[in-house]
Amino acid sequence: MKRIKVLSVFGTRPEAIKMIPLVQELARHDGLESLCAVTAQHRQMLDSVLEIFSLKPDYDLNIMEPRQSLYTITAKALTGMEGVLEAAKPDLVLVHGDTSTTFVGALAAFYAKIPVGHVEAGLRTYDKYSPFPEEMNRNLVSRIATLHFCPTEANVANLRREGITEGVYQTGNTVIDALQTTVKADYAFVEPALNGLDFGRKRVILVTCHRRENYGQPMEDIMSALAQIAGEFPDVELVYPVHLSPVVQETARRHLDGLANVRLIPPLDVADMHNLMARSYLVLTDSGGLQEEAPSLGKPVLVLRRETERPEAVAAGTVKLAGTKKEDILAMTRELLTDEGAYAAMAHAVNPYGDGHACARIAAAIEEYFS
């Protein structure tokens, strides 16, 4: 019997965290041949995840360049994927989520008339400019894909409303699979600054903020709120792995450099990030992935955005939308730092993102499709 050749395509750190467990799961199935192609849209941060999971890609486009734009990412990835598809000749191309690599991987497969499977399908904000460009990327991939692997029933319902009912599977989120291998009670951090943290004495707040739609005044307000939180709560330690974007670096350092209980550190590898999250008290983030990861670890999340494509976490009570206005961020953070009942209600809410077996469900669905 011919083995089904599955090519997984990704290019950023968040994609890698969620896709590598799937690449490895597919390789364990006798009827499947699992291949991996990376665009390296984010080179350094992607490499750290590849190293943690001991994965060597079969194809590496290495497209990243200084101050790259959406135009250059898209053009270089698309022309590079043409050669990858000609060489690999896959039966199915898997893409993940909503990055430029996701859209380009699906588009290239469409041009080659190769079926596409979309992992983490069906997320929507219904505002095409927020998050930008992610919301439009995932909408476009949904029109191309043959197989749609949705984390939650709400994602399935989104696709149903858009007339997409064939090839739709509810699988859970593959990031929960990843957490089962990375979070350890006896973990020793790679980043030296983290080993000096006293998690018993200090309430650690993990911060991430990097989204393009937050550039400008929203990011100024977020950073100003963080500085005020640090001043009001001396028993709190803010730990902020600062994204490599020059815009983010400059804004964060202008507001937060030199504050005694704020640590601005380099971006973390996936194992450091997951274990820091597991030991933190609270998460403030504009990231998508952390909205899924932190609730599975019992950590309340305040989302530094105007909307979220993960409303099931808000409905479950594990996530709240804080927005980007300074006073709103301050009010919601103060509540969780001073009201034990409000904190417990979020920390003990049920995680809506599955049981850690998403990758096995996706592999089974692929085998079913080709049978």
Side-chain angles (χ1 to χ4, degrees), residues 7-23 35-53 55-85 88 90 93-111 116-121 123 131-141 144-145 174-175 178 208-215 241-249 266-270 273 286-290 309:
L7 177 69
S8 299
V9 180
F10 51 91
T12 68
R13 177 183 180 275
E15 288 173 284
I17 292 168
K18 296 180 177 183
M19 282 293 273
I20 291 176
L22 179 56
V23 171
L35 299 175
C36 172
V38 299
T39 63
Q41 176 182 333
H42 293 166
R43 178 80 269 173
Q44 181 180 343
M45 290 188 285
L46 172 68
D47 285 348
S48 71
V49 183
L50 294 172
E51 182 178 350
I52 290 290
F53 285 97
L55 180 70
K56 180 175 175 56
D58 299 282
Y59 304 92
D60 189 335
L61 299 182
N62 195 29
I63 68 168
M64 185 174 175
E65 60 184 47
R67 294 190 178 272
Q68 61 190 0
S69 69
L70 294 174
Y71 300 99
T72 57
I73 291 169
T74 302
K76 291 176 72 175
L78 186 60
T79 54
M81 282 304 303
E82 180 182 12
V84 170
L85 296 178
V93 170
L94 292 180
V95 296
H96 181 281
D98 52 23
T99 70
S100 296
T101 289
T102 307
F103 169 55
V104 167
L107 183 62
F110 169 71
Y111 286 164
V116 171
H118 187 194
V119 180
E120 201 177 85
L123 280 68
F132 176 81
E134 289 86 355
E135 177 68 9
M136 187 52 66
N137 284 340
R138 54 181 164 241
N139 273 272
L140 293 168
V141 174
I144 293 172
T174 60
V175 76
T208 74
C209 181
H210 70 278
R211 301 198 80 89
R212 289 173 184 265
E213 66 265 26
N214 279 342
Y215 285 9
V242 186
H243 195 276
L244 297 177
S245 160
V247 174
V248 179
Q249 288 274 338
L268 299 174
D269 68 36
V270 59
M273 178 61 90
D286 65 0
S287 166
L290 268 66
E309 61 276 37

Any side-chain to backbone donor/acceptor pair from [X] onto [Y]? Under 3.5 Å, distance only.
X	Y	answer
T102	H96	yes
D58	L35	no
H118	G97	yes

Inter-residue atom distance [X].[atom1] - [Y].[atom2], 0.5 Å rounding:
X	Y	atom1	atom2	value
F10	K18	CZ	NZ	13.5 Å
I17	T12	CD1	OG1	8.5 Å
L244	R13	CG	CZ	10.5 Å
S245	R211	OG	CZ	13.0 Å
L140	I144	CG	CD1	6.5 Å
S8	L55	OG	CG	9.5 Å

Inset, instruction - Give me the one residue out of T101, V84, D60 that meets side chain to side chain contact (heavy atoms under 4.5 Å, CB included) with V38. - result: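 One option only clears the test, and that one is D60.
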Inset, instruction - Give me the ring orientation class for H210 and H243: parallel if the planes are under 30° apart, tilted from 30 to 60°, perpendicular past 60°. - result: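 Parallel: the ring planes of H210 and H243 meet at under 30°.
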Identify the two heavy atoms, one from [X] and one from [Y], that lie closest to each other, and give their separation to 0.1 Å.
X	Y	value
S100	L70	OG-CD2, 3.6 Å
T208	M273	CG2-CE, 4.1 Å
L7	P90	CB-CB, 3.8 Å
T39	G11	OG1-CA, 3.3 Å
C209	D286	CA-OD1, 3.2 Å
F132	E213	N-OE1, 3.5 Å

Legend entry - E135 vs R138, salt bridge (charged side-chain N to carboxylate O under 4.0 Å, His left out): CA-CA, chis, key distance, verdict: CA-CA 6 Å; E135 177 68 9; R138 54 181 164 241; 2.8 Å; yes
Legend entry - Test log, rule side-chain contact (heavy atoms from CB on, under 4.5 Å), inputs I52 and I20: CA-CA 10 Å; I52 290 290; I20 291 176; over 6 Å; no
Tell me whether [X] at atom [atom1] has more than 12 heavy atoms from other residues, nucleotides or ligands lying less than 6.0 Å away.
X	atom1	answer
Q68	CD	yes
Y59	OH	yes
E51	CD	no
Y215	OH	yes

Inset, instruction - With sequence neighbours left out, write down each residue that passes side chain to side chain donor-acceptor pair (under 3.5 Å) with N62, or none if nothing qualifies. - result: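 N62: side chain to side chain donor-acceptor pair (under 3.5 Å) contacts with R43.
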Inset, instruction - Test side-chain contact (heavy atoms from CB on, under 4.5 Å) on V248 and N214 and set out the steps. - result: CA-CA 10 Å; V248 179; N214 279 342; over 6 Å; no
Inset, instruction - If a pair satisfies side-chain hydrogen bond (donor to acceptor under 3.5 Å, both in side chains) and one of its residues is in residues 74-85, list it, with sequence neighbours excluded. - result: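 Those involving residues 74-85 are E65-K76.
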Legend entry - Intermediate values then yes/no, side-chain contact (heavy atoms from CB on, under 4.5 Å), M81 and V9: CA-CA 9 Å; M81 282 304 303; V9 180; 3.9 Å; yes
Inset, instruction - Determine, stepwise, if the pair E120 / T174 fulfils side-chain contact (heavy atoms from CB on, under 4.5 Å). - result: CA-CA 8 Å; E120 201 177 85; T174 60; over 6 Å; no
Inset, instruction - Test T99 against E15 for side chain to side chain donor-acceptor pair (under 3.5 Å), laying out the working first. - result: CA-CA 8 Å; T99 70; E15 288 173 284; 3.1 Å; yes
Inset, instruction - With the side chain counted from C-beta on, respond yes when L85 and Y111 share a heavy-atom pair under 4.5 Å apart, and no when they do not. - result: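 No, side chains not in contact.
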